[in-house]
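Naming convention: chains lettered A, B, ... in sequence-line order (proteins, then strands); numbering from 1 in each chain. All values reported here derive from a predicted model rather than from experimental measurement.
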Number of protein chains: 2
Amino acid sequence: MFFARREVPVKTQRLNIIREVLTQTPVTSQDELRRKLRRRGIHVTQATLSRDIHELQLLKGPRGYALPNGNGAATAGEEDDQPPSLKEMMDGFGLRAIQAMNQVVLKTVLGGAQPVAAALDLEGWPEIAGTIAGDDTVLIICTDTRQAGEVATRLRTILQG
Amino acid sequence: MFFARREVPVKTQRLNIIREVLTQTPVTSQDELRRKLRRRGIHVTQATLSRDIHELQLLKGPRGYALPNGNGAATAGEEDDQPPSLKEMMDGFGLRAIQAMNQVVLKTVLGGAQPVAAALDLEGWPEIAGTIAGDDTVLIICTDTRQAGEVATRLRTILQG
DNA sequence: ATGTAGATTGTATATTTATACAAGCGCGGT
DNA sequence: ACCGCGCTTGTATAAATATACAATCTACAT
């Protein structure tokens, strides 16, 4: 018995073929995928496919497995999209916070409003009913004036830390 | 024993809350979702959630369940024209309405704010002075606090019916 | 009221997916 | 050579998800 020279990691090759199969035919279970791969000469178990699917970050919906959105290309890429922390965003973009009745107007660098608002939403502060972001201004709506004062203070603290 | 009057399909309400929960915290299993709903007073079994998830066409990826991409509203339904009704928009995108003084903050699915605001403008409710839409938030400005309360209530009714 | 059809849900279970564990392989250092 | 380390995989099984079936419940017509 001898083995063919291994120029390419078998696994990588298999991952590529999996993606190809998915663009061609719908696949609704790992076992179905296993059978389809077998027809192409690739013989692995369901367990391996489970791991492959996880690695490819495939999504499973009612129509079966699908490639991750858009940027499907980057294979081995592994940077986590950690939700950006509010502090980071504020340090990077935030300028100042001004209270106005039950609202707080947060000025940012041009283009910074959207990301700051997103980070703020993610924090889910209870005082905040919602935010709306323009280009360099985030409007923060609080349920009442007192809460707005609270929020403004806290934002200023972050701005200075 | 008597039953509360059923003004609203319990199911629709639950579906809305599921979507909201998903925008706030990651959910990696149906049982986890079940526990999170229970904290909000909704008590159903895993089997029901499995069916709900299928109906919402949620996607499951390595990070857990996620809302369907962008145009999540358009179901298998074919006909789409006419003036988009507010109800349709709310069913498709709306999450919840929070009153804040003379304003109402309406949270929506990401990308849903613009269409919902447009539909709202089209209705021309007299209590509403104007609306501003971001990505997932519509800010509704009313002429006074009382009117805002009225609007918030009506929006919630639509969300549940 | 009574009946019927369609929805909705829970229970129990089948199906599907994830993973703990151990075996095998390839590679580099000793 | 041998050892050890990291990576990959299969087996067996745990965990998660989907579904058949039956019980209600709702709406609507009789």
Side-chain angles (χ1 to χ4, degrees), chain A residues 1-19 21-22 25-38 40-68 75-78, chain B residues 1-19 21-22 25-38 40-68 75-77 91 157 159-161:
Chain A
M1 188 74 137
F2 73 97
F3 294 92
R5 204 144 127 24
R6 175 86 52 88
E7 322 210 351
V8 178
V10 168
K11 184 179 163 191
T12 306
Q13 189 178 9
R14 186 180 62 243
L15 295 187
N16 281 331
I17 297 192
I18 287 173
R19 288 199 295 206
V21 167
L22 285 180
T25 78
V27 175
T28 58
S29 80
Q30 296 179 2
D31 212 59
E32 181 182 337
L33 177 58
R34 188 181 58 74
R35 290 190 296 272
K36 284 180 173 169
L37 289 178
R38 198 175 46 190
R40 297 186 177 218
I42 296 182
H43 176 259
V44 287
T45 61
Q46 171 266 323
T48 297
L49 294 182
S50 172
R51 289 182 277 246
D52 287 352
I53 282 171
H54 188 85
E55 186 161 336
L56 286 172
Q57 309 210 126
L58 298 185
L59 301 173
K60 187 182 185 188
R63 306 238 173 251
Y65 286 99
L67 297 168
T75 308
E78 63 288 279
Chain B
M1 184 74 132
F2 71 99
F3 293 92
R5 199 116 154 47
R6 175 77 55 83
E7 324 209 349
V8 174
V10 169
K11 184 180 164 192
T12 306
Q13 187 178 13
R14 187 180 60 242
L15 294 186
N16 279 330
I17 297 192
I18 288 173
R19 288 197 298 200
V21 167
L22 287 179
T25 77
V27 175
T28 58
S29 80
Q30 297 179 0
D31 212 58
E32 181 183 338
L33 177 57
R34 188 180 58 74
R35 291 190 296 273
K36 285 180 173 167
L37 289 178
R38 198 175 45 189
R40 299 189 178 215
I42 296 182
H43 177 261
V44 287
T45 61
Q46 171 268 321
T48 297
L49 293 182
S50 171
R51 290 182 276 243
D52 287 352
I53 283 170
H54 189 85
E55 186 161 336
L56 287 172
Q57 309 211 126
L58 298 185
L59 302 173
K60 187 183 185 187
R63 306 236 177 250
Y65 286 99
L67 296 168
T75 318
D91 284 351
T157 303
L159 271 180
Q160 316 199 329

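Of all heavy-atom pairs between A/Pro62 and B/Leu58, the closest is CD-O, 3.9 Å.
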Taking only nitrogen or oxygen atoms into account, show me every contact under 3.5 Å that the protein makes with nucleotides 20-23 of chain C, one pair per line with its distance.
unit_1, atom_1, unit_2, atom_2, d
C/dA20, N6, A/Arg51, NH1, 3.4

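A/Lys36 and A/Glu32 are joined by a salt bridge, as a carboxylate oxygen and a charged side-chain nitrogen come within less than 4.0 angstrom of each other.
Contact check for B/Arg34 versus B/Leu37: no side-chain heavy atoms found under the 4.5 Å cut-off. At least one side-chain heavy atom of B/Leu49 sits less than 4.5 Å from a side-chain heavy atom of B/Ile18. When side chains are defined from C-beta on, A/Leu22 does not count as touching A/Arg19, because their heavy atoms never get closer than 4.5 Å.
Computed from coordinates, the B/Asp52 CG to D/dT17 C1' distance equals 14 Å when rounded to whole Å. Going from atom CD1 of A/Ile53 over to atom P of D/dA16 covers 18 Å, rounded to whole Å. Between the CD atom of B/Glu32 and the P atom of D/dA15 there is a distance of 16 Å, rounded to whole Å. Rounded to whole angstrom, the span from the NE2 atom of A/His54 across to the C1' atom of C/dT16 amounts to 17 Å. Straight-line distance from the CG atom of A/Leu56 to the P atom of C/dT17: 15 Å, rounded to whole Å. Atom pair B/Asp31:CG and D/dT17:P shows a separation of 8 Å (rounding to whole Å applied). The interatomic distance linking A/Leu33 (CG) with C/dT15 (C1') rounds to 17 Å, in whole Å. Residue B/Leu49 contributes atom CG, which lies 15 Å from atom C1' of D/dT19 at whole-angstrom precision.
Of the listed nucleotides (C/dT17, D/dA18, D/dG10), D/dA18 has the atom at the smallest distance from the side chain of B/Ser50. Checking C/dT16, C/dG10, D/dT17 against every side-chain atom of A/Lys60, the shortest atom distance belongs to C/dT16. The side chain of B/Arg14 approaches C/dT9 more closely than any other nucleotide in the set C/dT9, D/dT17, C/dA18.
Taking side-chain N and O atoms only, B/Tyr65 has no distance below 4.0 Å to OP1 or OP2 of D/dA16. Close to D/dA15, at under 4.0 Å from its OP1 or OP2, lies no side-chain N or O of B/Gln30. Neither OP1 nor OP2 of C/dT9 sits under 4.0 Å from any side-chain N or O of B/Thr48. For D/dG10, the OP1/OP2 oxygens have a side-chain nitrogen or oxygen of A/Thr45 closer than 4.0 Å.
The distance from atom CD of B/Gln30 to atom OG1 of B/Thr45, rounded to the nearest 0.5 Å, is 10.0 Å.
In this structure A/Lys60 satisfies the side-chain contact (heavy atoms from CB on, under 4.5 Å) test together with A/Tyr65, sequence neighbours excluded.
A donor and an acceptor atom sit less than 3.5 Å apart, one in the side chain of A/Gln46 and one in the base of C/dA18.
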